[in-house]
Amino acid sequence: MYDLLWLVPTFPFLGFLILAIFGKKIGKKLSAVVGVGSIGLSALITILIGIQFLTNPPEGHAFVQTLWTWIAADDFKVNIAFHLDALSMVFAFVVTFVGFWIHLYSTEYMADDEGFSRFFAYMNLFVGAMLMLVMGDNLLLLYLGWEGVGLCSYLLIGFWYRDPANGYAARKAFIVTRVGDAAMAVGLFMLFYSFKSLNIQEILSVAPHVWSPGNKLAVASTLLLLGGAVGKSAQLPLQVWLPDAMAGPTPTSALIHAATMVTAGVYLIARMNGIYLLAPLSMTAVAIVGAATLLVAGFAGMAQTDIKRVLAYSTVSQIGYMFLALGVGAWSAGVFHFMIHAFFKALLFLAAGAIILAQHHEQNMFKMGGLAKALPVTFWTFLIGSASLAALPLITAGFYSKDAIIWYAWSGPNGSIYLWMAAVFGAMVTAFYTFRMVFVTFFGEQKMEISHYPTWRVHIPLIALAFFALFGGFIELPGTLGHLTLFSDFMKSALPVVEGGHHEVSLEIFSQVLTAVLALVSIFVAYYLYLKNMQIVTNFTSTKFGHGLQQFLLSGLGFDWLYERLFIRPYVWLSRTNKRDFIDFFYVFLPWLARQFHYLFKYTQTGKVRRYVVGIVFGVLVSITIVVIL
Amino acid sequence: MTGHDFLKLMPIIILAATPLIIMLAIAIKRNHLITAVLSVVGLFAALFAIPGAKYTNGDQVSNLFIIDQYALFYFALMFLATIVIIVPSFQYLELRFKGNREEYYLLLLTATFGSVGLAASNHFISFFLSLEILSVSLYALVAYLRHQNDGIEAGLKYLILAAVSSAFLLFGMSLVYSQVGSMQFKDVINFLSQNGNYNFISIAGVALMVVGFGFKLAVVPFHMWSPDVYQGAPAPVSAFIASVSKGGILALLFRFFAEFNIVQSRPLFTIFALIAVFSMFVGNFLALLQSNVKRLLAYSSIAHFGYILVAFIAGNAQQQFKGVEAATFYIVSYFITIIGAFMIIGLISNEEREGMEMSDYRGLYWRHPWLSVALSAMMFSLAGIPLTSGFIAKYYILASGISTKLWTLIIILIINSALGVYYYLRVTVEMFSNVDAEQKATLISPNVGILSGILLAVLTIALVWLGVYPTGLIGSIQAAMF
Amino acid sequence: MTLTFLFAWLILGGLLAWLAGRWNKEAPRWISLGFMIVHLIVSVRLWISFLTNKGLTLAQGEWFLMEKSPWIPQWGIQYFLAVDGLSILLIVLTSFLGLLAVACSWKGIQERVGFFFFNLLWILAGISGVFMALDLFLFYFFWEIMLIPLYFLIGIWGHSNRIYATIKFFIFTQASGLFMLISILALYFIHGSQTGHYTFDYVELLGTQVSPKIAFWLMLGFFLGFGVKLPAVPVHTWLPDAHTEAPTAGSVVLAGLVLKAGAYGFIRFLMPLFPQAGKEFAMVAMILGIIGIIYAAMVAFAQNDLKRLVAYTSVSHMGFVLLGVFAWNQLALQGAVMIILSHGLSTGALFILVGDIYDRLHTRDMDKLGGLWSVTPRLGGFGMVFALASLGLPGLANFVGEFLVLLGVYQVSVPIAALATLGFIASTIYSLWMIQKTFFGKNVNEWKMPDATPREISIYAALVVALLWLGLFPNTVLRTSRQALKNLQQITSQYFQGSKEATTNPSVEELNKSRSNYGGLE
Amino acid sequence: MIAISLNTGLIIASIMFFTGLIGVMIRKNIMFMLISIEIMLNAAGLAFVFAGAQHGQADGQIMFLFILTTAAAEVAVGLALIIQFYQNLKRSIPMLPII
């Protein structure tokens with residue numbers, strides 16, 4: 001069964017080719033079939049391989065399938081090969097499974113859009129590129145997938161190309177990720193020259209021998225990889241592009257900017273755990289980046305009015321959690337949270353899509369209201385998703401995955417009390433803005449009538465994802481609540497086991513109880529502020545300080561404003577002033593100089609004979625003086 | 001005058017006899033065609049006498065002339081050049097001159113005689129006499145179209161300036177003679193190389209003689225006459241001045257300074273170097289924005305003789321690339337180009353005026369493709385672009401310059417040839433730019449006869465042939481050098 | 001005999017096209033198309049025969065095919081054509097792009113068609129000559145022959161300001177060529193005085209011992225000659241003018257091939273002839289390369305004329321080649337060759353596209369364009385692919401080259417490689433900007449134009465396939481050029497020791513020991 | 001038998017030469033220019049005679065004879081041109097200010 005591994009990425013690429021070339025000709029119906037079918041097939045194969053991987057895993061818990069040698073120059077040899085182990089299994093499963101539901105959903109969401117086949121072509125290309133990324137056997141192939149997904153996010157954000165704002169958002173996304181990719185490329189060079197190969201497994205196995213822990217090169221290369229990860233996963237310095245990426249169609253936001261692409265950074269760090277362990281400094285850096293991002297994104301999420309931007313900021317903050325988990329060394333907890341997050345965040349986005357569809361494409365939450373009764377299925381699935389996001393204790397999967405991270409933030413090998421406090425506070429803020437969103441959109445009186453009632457193609461994906469958002473968490477229970485570690489045993493083969501928990505069990509209970517209580521409290525506060533009497537909020541924001549704070553948070557804590565002044569304006573000004581390429585002035589000066597000489601000598605050609613005789617005499621005088629002098 | 005000398009001088013004698021025969025013919029019946037044919041036949045006879053002169057040994061013919069391989073090579077070159085010039089002159093005179101045209105050929109032949117005399121002279125007297133014969137016949141030739149004043153003015157201007165420069169030349173010669181005691185070039189040069197540096201009067205004399213050379217070659221301080229004379233003179237005569245007259249003087253210059261190593265004597269080296277540098281710069285800069293094609297060619301010939309002087313200064317240090325070989329190759333390629341160019345100017349003219357202005361050549365590509373191909377080939381050869389003999393010539397000069405490490409001169413030569421490219425390209429640009437309607441009326445439509453057509457084709461093919469496969473000419477030049 | 005055929009065939013084709021042009025308009029097109037197809041077949045067959053038989057393992061100084069006959073014996077000049085891996089690749093590129101240039105000027109050129117194709121084919125003849133000539137004089141001869149037809153091409157069929165552009169281009173290349181000629185001659189004399197045998201034969205001239213001071217000046221002469229053609233930054237300003245005014249075919253040939261002559265010159269002549277001077281100058285040249293990349297990218301971003309923008313992008317890409325050549329190790333050189341090929345394809349494609357847009361809308365001003373995707377989705381699609389190729393998207397050809405160059409440069413100096421990677425970002429900015437301004441956004445001026453015709457689609461499809469093939473299967477190309485580049489490094493091995501070990505990593509045995517116990521993966 | 005030394009002779013000749021030269025440069029009338037040219041040529045001839053006398057050879061004087069003849073030829077052609085020039089003026093053919 002393993003030999004069919006190469007089919008998994010090939011189907012989406014095939015789908016892309018068919019749709020790109022024959023898209024217009026085969027009409028919407030057929031392109032839908034091709035688009036969804038290719039992802040469905042690839043999901044099917046992934047699941048089959050997954051089952052076989054669980055039942056009788058390949059020797060060494062890893063299977064490699066080499067297709068052909070990609071580049072072979074001097075001692076640099078890279079081939080197109082797929083590496084399947086537990087980690088890539090999880091990612092591949094999530095990408096294809098969640099991807100399939102989103103494709104099914106978007107057949108209806110994009111039904112009346114004239115770029116229908118183009119949309120599915122891009123989506124298939126994205127899934128293909130993401131699979132290359134997660135299953136790449138060497139870092140260059142990973143880089144190929146990395147840039148491929150960056151490209152698809154650019155194409156899909158700018159999908160409605162008629163509006164230049166979408167174009168701007170798309171370019172912003174691609175360029176910011178490209179900044180990260182440049183850093184990552186330098187990291188790749190560094191790795192190549194330390195290990196003479198870019199093959200991931202080889203690097204991980206040879207690393208401990210080549211580098212002593214804390215080695216300068218290890219720290220540098222891991223930090224550079226972190227730079228790449230930060231760019232792609234929209235973490236702190238480079239997180240400005242994700243909120244604007246909401247300009248794309250909602251299924252795109254669901255698939256790319258929630259479930260899969262943005263977690264590519266998590267995959268990279270998890271995959272390269274070997275060298276990260278050798279550089280504790282970078283581990284703490286990852287943790288700090290994660291913690292800071294989750295706080296910044298959380299605060300920003302509180303003040304958003306557009307439903308999709310709230311979800312965007314919540315995605316940034318949840319990935320912050322994953323980075324935090326990886327930073328403290330809780331590898332499998334981070335990946336587990338990735339999986340769970342993929343489910344409920346995709347669910348939330350799809351539901352939000354359904355809401356937007358139903359509200360004449362209105363995205364401002366405060367213009368909606370009272371949809372609970374009008375769209376029951378959407379409401380309940382949205383509620384489950386939000387509960388899971390807010391980590392409602394015991395019942396939602398989100399609780400288990402986030403709680404594990406919060407606990408390891410303290411007890412993990414690299415954890416510290418401050419990280420724990422940041423994580424807890426972050427959880428509280430998450431709960432607040434999530435339920436603020438729920439109350440504002442679904443409760444209160446209905447301001448707009450429903451323009452479009454979602455059909456089965458919307459409901460089934462929502463329900464499926466809701467199921468996982470609820471029950472996905474039970475495969476990994478924390479020590480205090482039944483200690484079921486199905487997921488981490490599965491991940492043992494790929495990721496180092498976390499020897500956390502050297503603190504007593506009582507501390508663990510204390511942190512779980514504390515987070516649960518704080519979550520509930522903030523839900524109540526959200527209920528009180530945004531449902532009971534909105535007045536408090538409105539008159540707070542009317543005060544000068546309140547309004548300033550709201551604008552500050554709304555703009556994502558002013559990063560955009562800062563980057564605009566720091567990078568964009570100088571670059572644009574510098575290139576605009578140099579439009580005529582000042583080096584050219586020198587080459588324009590030369591002919592001018594020649595022309596001046598021309599006019600200078602022109603005086604000698606007066607046409608008068610007597611002037612010419614003077615010329616001759618002048619010549620004689622000069623030669624005589626030369627003879628005298630020399 | 002032994003029989004052997006007689007055989008040696010046969011080419012010059014035949015050349016001298018031809019004008020006499022023509023005078024007799026004119027006396028019998030004044031016919032333009034017969035005169036032209038007679039002069040061509042005379043020139044061919046002189047040409048065929050050259051092999052005879054070559055294989056009789058003994059070069060010195062009386063102490064005035066020396067007919068060695070070098071002189072005979074230049075004889076052949078000048079005879080051919082004059083033959084080629086006669087064809088367009090014939091057509092030009094038919095078109096533009098109503099008076100009696102036969103005397104033109106007399107003057108032309110005497111001028112060639114003077115120039116040939118220069119190439120063979122070995123003595124001050126023969127040098128001066130040949131120079132004067134050449135100059136006087138040129139005065140009349142320049143002013144031949146006597147019903148128009150610009151020709152006469154050019155003639156007068158040329159006369160006065162030539163007279164002044166030959167006065168300087170003579171005065172220089174007298175100073176040199178006063179020190180050396182003999183007028184033979186050999187003795188003069190031996191005297192100079194032994195005690196040149198401290199005998200002030202002899203060096204001053206040579207410096208004054210340089211004025212004579214400089215004027216005839218139209219190099220910088222003495223160049224001012226050439227644009228006006230080229231413009232005023234009829235096109236074939238300008239061709240003659242630019243080629244044969246300068247060729248003769250150059251041959252003499254090289255013979256005079258053959259054994260004398262220029263680089264050693266500081267004053268002469270500085271003078272010639274300055275002249276070369278300024279000729280290149282002034283020639284190119286003045287030609288840059290010139291809209292009159294004849295004046296443009298005049299300035300470009302100033303620049304080209306600046307390049308040749310670089311080869312002259314390089315001298316004969318390097319046995320592989322002798323300066324004189326480079327200069328001779330350059331002269332041959334220059335002859336072909338300049339005569340061809342002036343011939344085309346001659347063809348593009350009607351009764352009132354010659355096609356001198358740049359605008360007369362607008363859109364020539366689409367009106368007369370073959371004529372414009374010829375002119376472009378000539379322009380590219382002047383610019384020194386490969387596939388033309390101009391490139392090989394420039395390469396030859398560069399090689400001789402580099403072999404004697406004249407780095408500054410070489411760099412200046414490079415810069416100038418880049419400058420030169422500009423105005424040669426402007427001519428080709430003019431030719432392939434589109435003609436707008438109303439301007440079409442004023443254009444002169446060239447009437448290219450069969451003979452001049454063939455001649456042009458021969459010249460262009462020779463140009464390209466020397467550019468692609470120059471071994472033949474290089475071989476004969478290397479054989480002819482002393 | 002095939003080598004002489006390769007360039008003589010095109011000269012013959014040019015003449016035939018011109019003669020045919022006097023009778024009817026269509027004949028020259030078909031003639032030149034036919035000649036180019038034959039040329040492509042011959043060069044591809046040459047490449048295949050190179051790959052199949054022992055061509056891959058030529059020892060140093062051995063050539064796969066060689067033709068030598070005396071030309072001007074007095075000066076030791078021979079008609080010496082020879083081909084190794086590197087030249088074959090470039091000749092195939094010449095014939096491929098030449099064919100596309102002929103195809104893309106099918107409708108664009110209406111008046112004086114015969115003379116147009118005469119010039120086009122003679123440029124290609126000059127270029128294929130440059131890639132084969134191994135006698136320095138013959139190399140210079142072809143180097144200059146390329147100029148005249150291009151001068152006519154731009155001068156006659158160019159756009160509004162063509163005269164200024166074509167004269168500027170001509171003088172730039174002519175002057176720099178002359179400086180190169182001085183260096184060639186000086187080398188010729190030094191070799192002659194040392195060995196007594198005056199020759200321009202490249203193989204013989206390789207060994208000449210030149211004193212470092214003089215060698216530096218000679219190397220500078222060559223650098224100027226090739227730098228102007230490359231174009232390296234300080235002397236690049238002729239390229240944008242020449243491109244904006246050239247007809248489409250002229251731009252394709254200019255960007256695709258004429259620039260490559262400069263790059264080829266660097267690899268073949270500059271470093272092997274003056275290795276020591278090259279090594280000393282390497283750092284300066286690399287800094288120039290970086291300035292080239294960043295500076296040109298920024299200027300490109302500011303342009304509003306589409307063709308001028310693409311012209312500056314090729315200046316930026318050629319900055320990478322400069323880096324690769326002066327890093328002078330196997331990786332960087334392989335990368336430089338890859339960039340040469342992929343840049344030829346991607347920029348050639350962009351120019352054809354811009355030419356097609358210009359033929360339809362008669363404007364290249366990006367401010368007027370916009371929203372073309374809705375009018376012509378196919379053109380938009382292809383434009384997107386070519387823009388992505390030019391920004392170096394992995395999977396397409398440019399990335400492989402740029403990655404290898406940076407890898408090679410990293411080994412020589414880390415800061416330069418890091419700075420050069422900024423080039424990735426800068427190239428993204430201008431490529432996306434170009435796409436946004438032409439294809440996306442609202443169709444403000446309601447452009448109505450027909451979508452790509454089958455002829456155009458076949459050209460674009462050929463280019464896309466070529467770009468993908470080079471991007472995903474670059475090994476055939478890398479294999480072809482590997483031995484040739486190894487030989488070149490062999491020549492300069494005295495000054496450039498092989499790939500230097502990275503700074504701090506351990507000795508080699510330890511590495512092998514650890515790798516052996518893992519039993520290496522592939 | 002040489003009364004005058006070479007240097008004095010040369011000085012006389014050069015004085016004469018430069019007077020002629022200045023004459024050409026200053027005078028506006030073309031006839032006078034021809035006269036000054038004659039003076040210059042004779043001065044050169046004189047220098048030759050002195051040089052010849054210095055070495056006791058006849059070459060200098062022979063040279064002077066040649067100089068005389070050629071100077072005469074030049075002036076003759078010059079006068080012919082001037083006459084033709086003024087004839088054209090009578091037929092009012094425009095004149096370029098060359099003097």
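- The contact between C:Ile163 and chain B is made entirely by side chain atoms (from C-beta outward), counting heavy-atom distances below 4.5 Å.
- For C:Trp217, the ring-ring contact (aromatic ring centres under 6.0 Å, His included) test picks out no residue, with sequence neighbours left out.
- The minimum heavy-atom distance between C:Arg22 and B:Pro369, with the atom names listed, is NH2-CG, 4.0 Å.
- There is no contact between C:Phe172 and chain B, counting heavy-atom distances below 4.5 Å.
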message = Evaluate B:Tyr365 against C:Ile156 for side chain to side chain contact (heavy atoms under 4.5 Å, CB included), listing each step before the verdict.
response = CA-CA 11 Å; B:Tyr365 261 94; C:Ile156 299 170; 5.9 Å; no
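- Contact annotation for B:Phe391: only side-chain heavy atoms (C-beta onward) come within less than 4.5 Å of a heavy atom of chain C.
- Using a 4.5 Å cut-off between non-hydrogen atoms, the part of residues 469-477 of chain B that approaches chain C consists of B:Tyr469, B:Pro470, B:Thr471, B:Ile474, B:Gly475.
- Residues forming a side-chain contact (heavy atoms from CB on, under 4.5 Å) with B:Arg367 (at least two apart in sequence, or on another chain): B:Leu364, B:Lys440, B:Leu443, B:Pro446.
- With C:Leu178 as reference, B:Ile414 is the one residue of B:Leu413, B:Val421, B:Ile410, B:Ile414 to meet the side chain to side chain contact (heavy atoms under 4.5 Å, CB included) rule.
- Between B:Leu398 and C:Leu181 there is a side-chain heavy-atom pair separated by less than 4.5 Å.
- The contact between C:Ile148 and chain B is made entirely by side chain atoms (from C-beta outward), counting heavy-atom distances below 4.5 Å.
- With a 4.5 Å cut-off on non-hydrogen atoms, C:Trp157 does not touch chain B at all.
- Note: C:Phe152 and B:Phe380 have perpendicular aromatic rings, judged against thresholds of 30 and 60 degrees for the angle between ring planes.
- Looking at B:Thr428, the atoms closer than 4.5 Å to chain C (heavy atoms on both sides) sit in the backbone and in the side chain alike.
- By the 4.5 Å heavy-atom criterion applied to side chains, B:Thr404 and C:Phe189 are not counted as neighbours.
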List the atom pairs, donor and acceptor, that lie under 3.5 Å between side-chain atoms in residues 131-142 of chain C and the rest of the protein, sequence neighbours left out.
residue: C:Asp135; atom: OD1; partner: C:Phe137; partner atom: N; Å: 2.9
residue: C:Asp135; atom: OD1; partner: C:Leu138; partner atom: N; Å: 3.3
residue: C:Asp135; atom: OD2; partner: C:Gln78; partner atom: N; Å: 2.7
residue: C:Tyr140; atom: OH; partner: C:Glu144; partner atom: OE2; Å: 3.0

